[in-house]
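Here is the structure we will look at, set down as structure tokens.
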Amino acid sequence: MSVAEAFDDAGLWGRIDAWLHALRLPGAAAHCRALAQEGVGEETVRTLEGVLAAELESRELRRYQRNLRTARFPVIKELGAFDFSAVPTVPKARVEELATGRFVSASECVILVGNPGTGKTHLLIGLGMEAIRKGLRVRFVTASTLVNELLLARAELRIPKLLRFYGAFDLVLVDELGYVPFNREAAQLLFEFFSDRYETRATALTTNLPFAQWTQVFGDETMTVALLDRLTHRSHVLLLNGESYRLKESRRRMPPRSADPSSPEGEVKPS
Ligand code: ADP
Ligand code: MG
């Protein structure tokens, strides 16, 4: 392929031009356009392409590593390691759809509701990991830490600054909402936090509480209704009900109970 052809079909030169713009190097892009018109040997163009590809790759890797650090995941969990057969109420296809990151671009909410040990935090972090792979900025925080941050910020008159800080993340993961009841001030601040992100930024959260019980934690019924209205509008609710995965796993690892002579060796009778 001649250089002219490459330029004409926006192939090689077109790619180089797009990359130089992605790298914010408009001067170099203009120079390359001139080179393309002059006609430069294909080998030179290929070399240039290789140099740019290497730069883009290394930037992407650094961005991924930086975003992974700033996400502050307490532990790394991958969706690939999640056993969907353990939670029949959560179809794998729904989680795969969420993993595309479209809900993040659309500033939607994901709510994972379920008993302790059913894999809510695992899925939450797994979704966060996928978003980071898409180049998105993610932050993990537990609800109790978030409440403490909000209370401190209110005392220091810097709520707007804290909201701007979280506003810079495409996706905020709030873990364990509902484990600890809040006082009225904390509930109001959380309401403000979620309202601030409503329809402008994506949020995913986990809770052990069915929606009907949220008033118990938030105290005020009117505010709880308003909060649920914001959170559940255009949201993806996944219910993970059932037995704790941890319990099930440890039971599976336990040695079989003393053999019953009437049953085949090692078989455990259902209790
Ligand atoms: P929750 O947040 O609902 O209390 P976790 O996500 O912390 O539960 O899960 C508890 C432990 O069990 C974690 O180590 C998690 O990786 C594992 N786990 C839970 N559910 C599954 C599952 N379906 N497949 C694989 N691991 C799971
Ligand atoms: Mg959890």
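Scope of the values below: all heavy atoms of this structure, side chains included, with no hydrogens, waters or symmetry mates. Each ligand, and each atom within it, is numbered from 1 in the order the structure gives.
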* To do: Could you tell me whether ligand 1 has any atom less than 4.0 Å away from a heavy atom of G114?
  =>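 Outside the 4.0 Å threshold, so no.
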* Hey, is T206 one of the residues with a heavy atom under 4.0 angstrom from ligand 1? ->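 In this structure, T206 fails to qualify as a contact of ligand 1 - no heavy atom is under 4.0 Å.
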* Which part of F82 is near ligand 1, with near meaning a heavy atom under 4.0 Å away: side chain, backbone, both or neither? ->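 Near ligand 1, F82 shows its backbone as well as its side chain.
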* Report the part of A81 (side chain from C-beta onward, or backbone N, CA, C, O) that has a heavy atom under 4.0 Å from ligand 1; answer both or neither where that applies. => backbone
Distance-only side-chain donor-acceptor flag, [X] / [Y], under 3.5 Å:
X: S107; Y: R201; answer: no
X: R66; Y: T70; answer: no
X: D175; Y: T142; answer: no
X: H122; Y: Y245; answer: no

Short list, please: which atoms of ligand 1 are under 4.0 Å from a heavy atom of [X]?
X: T118; answer: 1 (P), 3 (O), 8 (O), 20 (N)
X: K77; answer: 13 (C), 14 (O), 15 (C), 16 (O)
X: A86; answer: 23 (N)
X: N115; answer: 3 (O)
X: P116; answer: 4 (O)

What is the nearest protein non-hydrogen atom to [atom], stated with its residue, atom name and distance?
atom: atom 11 (C) of ligand 1; value: R246 CG, 3.9 Å
atom: atom 7 (O) of ligand 1; value: T121 CB, 3.9 Å
atom: atom 6 (O) of ligand 1; value: H122 N, 2.9 Å
atom: atom 8 (O) of ligand 1; value: G119 N, 3.1 Å
atom: atom 27 (C) of ligand 1; value: Y245 CD2, 3.1 Å
atom: atom 1 (P) of ligand 1; value: G117 N, 3.5 Å
atom: atom 24 (N) of ligand 1; value: D83 N, 2.7 Å

Under 4.5 Å between any side-chain heavy atoms of [X] and [Y], yes or no?
X: L136; Y: N67; value: no
X: L124; Y: K77; value: no
X: R158; Y: L152; value: yes

* Mark yes or no for whether R184, through its side chain, and D220, through its backbone, hold a donor-acceptor pair below 3.5 Å. => no
* Would you check if the side chain of W214 reaches a backbone N or O of L209 as a donor-acceptor pair within less than 3.5 Å? => yes
* Residue from F193, F194, F140 passing side-chain contact (heavy atoms from CB on, under 4.5 Å) with V172 ->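 Among F193, F194, F140, the one meeting side-chain contact (heavy atoms from CB on, under 4.5 Å) with V172 is F193.
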* Asked: Can an N, O or S atom be found in T206 less than 2.8 Å away from the Mg ion (ligand 2)?
  -> no
* Report yes if Y179 has an N/O atom closer than 3.5 Å to an N/O atom of ligand 1; otherwise report no. => no
* Would you say V87 and ligand 1 have an N/O pair spaced under 3.5 Å apart? ->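 The answer is no, given that V87 and ligand 1 share no N or O pair closer than 3.5 Å.
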* ILVMFWY network linking Y179 to L228, side-chain heavy atoms under 4.5 angstrom ->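 As far as the 4.5 Å side-chain criterion goes, L228 and Y179 are not connected within one cluster.
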* Where do F82 and F84 land on the ring pair (Phe, Tyr, Trp, His ring centres under 6.0 Å) test, with the steps shown first? -> CA-CA 6 Å; F82 195 79; F84 285 90; 4.9 Å; yes
